[in-house]
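Reminder, nothing fancy here: chain letters follow the sequence lines and each chain counts from 1.
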Protein chains: 2
Amino acid sequence: MNPQTVLRFIGILILFLGLSMAAPLIVSFIYHDGSSGALFNSMLITCGIGLLTFLVTKKNKGAHLNHRDGVAIVTFGWMAAGLVGAIPFLMSGAIPDFSNAYFESLSGFTTTGASILDNIEGLPEGILMWRSITQWVGGMGIIVLSIAILPFLGIGGMQLYKAEIPSPVVDKLKPRISDTAKTLWKVYILITAVEVLLLSLGNMSLFEAINHAFGTLPTGGFSTKNASIAYYDSSYLDGIIIVFMLLAGINFSLHYRLLRGDLLIFGKDPECRVFLIMVALFIVLISFNIHGSVYESLSKSIQYATFQVSSIITTTGFVTADYEQWPSLSKNILMLCMFLGAMAGSTGGGMKTMRIMLLAKHARQEMFRIVHPHAITTVKLGGKAVPQEVLSSIWGFFILYLAIFVASAMIMASLGLDMISAFSSVAACIFNIGPGLGIVGPVNNYLAVPLLGKWVLTFCMLLGRLEIYTVFVLLMPAYWRK
Amino acid sequence: MNPQTVLRFIGILILFLGLSMAAPLIVSFIYHDGSSGALFNSMLITCGIGLLTFLVTKKNKGAHLNHRDGVAIVTFGWMAAGLVGAIPFLMSGAIPDFSNAYFESLSGFTTTGASILDNIEGLPEGILMWRSITQWVGGMGIIVLSIAILPFLGIGGMQLYKAEIPSPVVDKLKPRISDTAKTLWKVYILITAVEVLLLSLGNMSLFEAINHAFGTLPTGGFSTKNASIAYYDSSYLDGIIIVFMLLAGINFSLHYRLLRGDLLIFGKDPECRVFLIMVALFIVLISFNIHGSVYESLSKSIQYATFQVSSIITTTGFVTADYEQWPSLSKNILMLCMFLGAMAGSTGGGMKTMRIMLLAKHARQEMFRIVHPHAITTVKLGGKAVPQEVLSSIWGFFILYLAIFVASAMIMASLGLDMISAFSSVAACIFNIGPGLGIVGPVNNYLAVPLLGKWVLTFCMLLGRLEIYTVFVLLMPAYWRK
């Protein structure tokens, strides 16, 4: 690893985040919400830190970025974003406690959407805007991470995407990042803009529309209302948000292809097909389960089921119904959705549909091998054989995920949380969803979680978002050896 | 598959089970418990069925058993044992309902120990004896299955054991089964006899000592008392049972080596070392957690923690304390123990320590590959490289386990069980433990589970016991094709 190079990248990132504080600053001026001074100072400090970091590090001419640099930039970059993102919360007094402010900020940048705020509506508009921006910017980061950086690093089976990146495949990290990023960011910005437009045609102000679109596209889930989307009680808004949550859960390179004229791409892509079939199946099951037992009206049952399945499986975390009150089958299905997550290459979290598919195919292949012990078989996806090292990488990813999940749930339980709260709080954070069950359920927040628990969950958000390996290799002695 | 051969084997098995009904018959004579007639008729019917099946099938001279025959004998054999094992329960009127009788019988043969009986102490001694024998015979079956048959079939990474079987390795299934089986059964019988002796030196009658030893060695967990081992409230008996539960959770080929004079084998074997370290760790954690919060006395805390960890991780299921009342950390650890299970080659269920170790090693190797993408690495166990197909088989096993686990828990939830009862009932059955949490907790039983739920759980017991693949390949069209 080259510390100069890594720091230089992080300096640029911090500078960029500082500059993006201009947006909440403008909002605070418009609303005269009293947070302008705090936001201005935050912007100054953040830009200052970024610029200083950039200036004191030397340009490393000619040398390419290697695997180790990539891992360090990603992990330390996200951690640094969480730090500077907390500055406006702290300076404005909106969240006076550092642990809480860092939790909220990293929850934004990891697009988790878990909140420690118990009265969101009492916050200045400028601060709410910044909170939404952390998510939206985090989402931009994730697109680059999951489509350009992770495949290159070969993390958790992501190398499968190498061939599918819509930019010329080159061997150096940097040109690939920038080419791919620019294309996909255009798509991301375009879809966000369309959602803002459609939401503002409904029962939302432009400010609310922007904030909620900024919460949808990165599958974040921060709302400007305490009751989340349930506040609006509008089937039009629910419908729009459902569509955009699902779009956010689909690989962004498919959106690019769709915009280039390949109108049937969602049906042609094997991962997308499975993702959409799963969503439909879960909606049907939950609709049946809650109709009659919780809601009299069938249409309401379908509306709430569709919204909540879409929200949880894409790991967004918006809420229109207190699913805590649903029968245990529905709650189990939602727990499963948390775990499954959305498509690889989307802004969603969780295991990702592609990995689930490959694991299932692998299991089927192993059964076949019992019957035909000498047959040579390969796991295929979309007609192409999946290399053994890709499967191997996914398995490693999977077991690490489980191990961290269990260890974290143990710590949460040791802090006094009941079993369901302990497990679901970790699931909601490591899979970057937001709300869980029990004390962190849809009508609660994370304020009541003990201090150590908050830091465990913060670490879970980071691990989940960066696909674990990226963080964990930094803890290996082999990483730091020359 | 050769149906004649498979049926012939199953006929012999049924005949053997019929003959083994002589033991409970003798017990019923001694106690004049009124079940002699029913047991005698059951024995007659069972022997009749077995003999008939044996006689109508032709001997298949010269042809070797192949993979498909092996799978069919194991799966259909266990199912048939469940059927004939239910006859004494039905005929004596102890369990008049067929679903309940089959549940109890298969729970015995799979050494699960889950019971639908709510007043065990009201049953005739002969029937209690038969109930214990189903477990003990099931345990004999499992030793052969896990050390001789599964490694040969290459199921779920069990081929790792091929080299470690204490009998000459030959290529045909039959001689290997019989050689290995005879050796290991001697060990099994010897350890059982020692436990009977030690238990009867405590506060147990010979009848109770035999029954509880027959519940310990196969890691079954059926007791002759409603309150399980808690009835005796004796630290001597607890201690003896703890030791023998742990012995039952250790690979039986290690016991063979120990008896041959290799006194340090438990410390030398890498899997055994990890197993014992895990047990010690969990005992310490739970002891700390329950001391003060549940029990005043430190020694009682350690005693209960040691007993319950040993009982659950070996998947025995004996109970000395209502762990339902323990703090959630302790309950989480016990849930983890359920999942982990004991050593491969023991009578215990669960994932097995060896698989967990290989999964963990694999995950570490994948992290190493991120740092050194071009390094060629292998997973090693005890200094030897583990072949890729072994790992591959374990992964397939693991994902099938999880998929069935989740699907079954969904069904249980749809039948109205709360989340914890739904998940823990499936865990307790698929990992062959017995008691779970919630409505199937340590002071409850499975009687209240809805009918469909009982059959789902019965299927889970079978799947878990036969390491899933063995049952699942029978559902594949490829299996039945010529």
Next item on the list: Go through B:Val406, B:Leu359, B:Val71, B:Leu402 and name the one with the most non-hydrogen pairs under 4.5 angstrom from chain A.
Entry: B:Leu359

Margin query: Taking side chain as everything from C-beta outward and backbone as N, CA, C, O, which of these in A:Gln388 sits under 4.5 Å from a heavy atom of chain B? Side chain, backbone, both or neither.
Written below: side chain

Notebook entry, point to check: What part of A:Met335 is in contact with chain B, defined as an atom under 4.5 angstrom from a non-hydrogen atom: side chain, backbone, both or neither?
Noted result: side chain

Notebook entry, point to check: Checking heavy atoms, do the side chain of A:Phe423, its backbone, both or neither come under 4.5 Å from chain B?
Noted result: side chain

Checklist line | Heavy-atom closest pair, residues A:Ser414 and B:Leu329 | finding: CB-CD2, 3.5 Å

Next item on the list: Starting at CE of A:Met367, measure out to OG1 of B:Thr470 and round the result to the nearest 0.5 Å.
Entry: 11.5 Å

Margin query: Is B:Leu285 close to chain A through its backbone or its side chain, or both, or neither, when contacts mean heavy atoms under 4.5 Å?
Written below: neither

Notebook entry, point to check: Looking at B:Met412, B:Glu389, B:Gln365, which has the largest count of heavy-atom pairs under 4.5 Å with chain A?
Noted result: B:Glu389

Notebook entry, point to check: Looking at side-chain heavy atoms only, is the closest gap between B:Phe368 and A:Met476 below 4.5 Å?
Noted result: yes

Item checked: Under 4.5 Å from any heavy atom of chain A - which part of B:Phe339 -> neither

Margin query: Using side-chain heavy atoms (C-beta onward) and a distance below 4.5 Å, is B:Glu366 in contact with A:Ile399?
Written below: no

Check: Parallel under 30°, tilted from 30 to 60°, perpendicular over 60°: which one fits the rings of A:Trp395 and B:Trp395?
Finding: parallel

Checklist line | Side-chain donor/acceptor of B:Ser328 to backbone N/O of A:Leu417, under 3.5 Å | finding: yes

Notebook entry, point to check: Using a cut-off of under 4.5 Å for heavy-atom pairs, which of B:Asp418, B:Asn332, B:Asn289 has the most such pairs with chain A?
Noted result: B:Asn332

Item checked: Region of A:Ile356 in contact with chain B, defined by heavy-atom distances below 4.5 Å -> neither

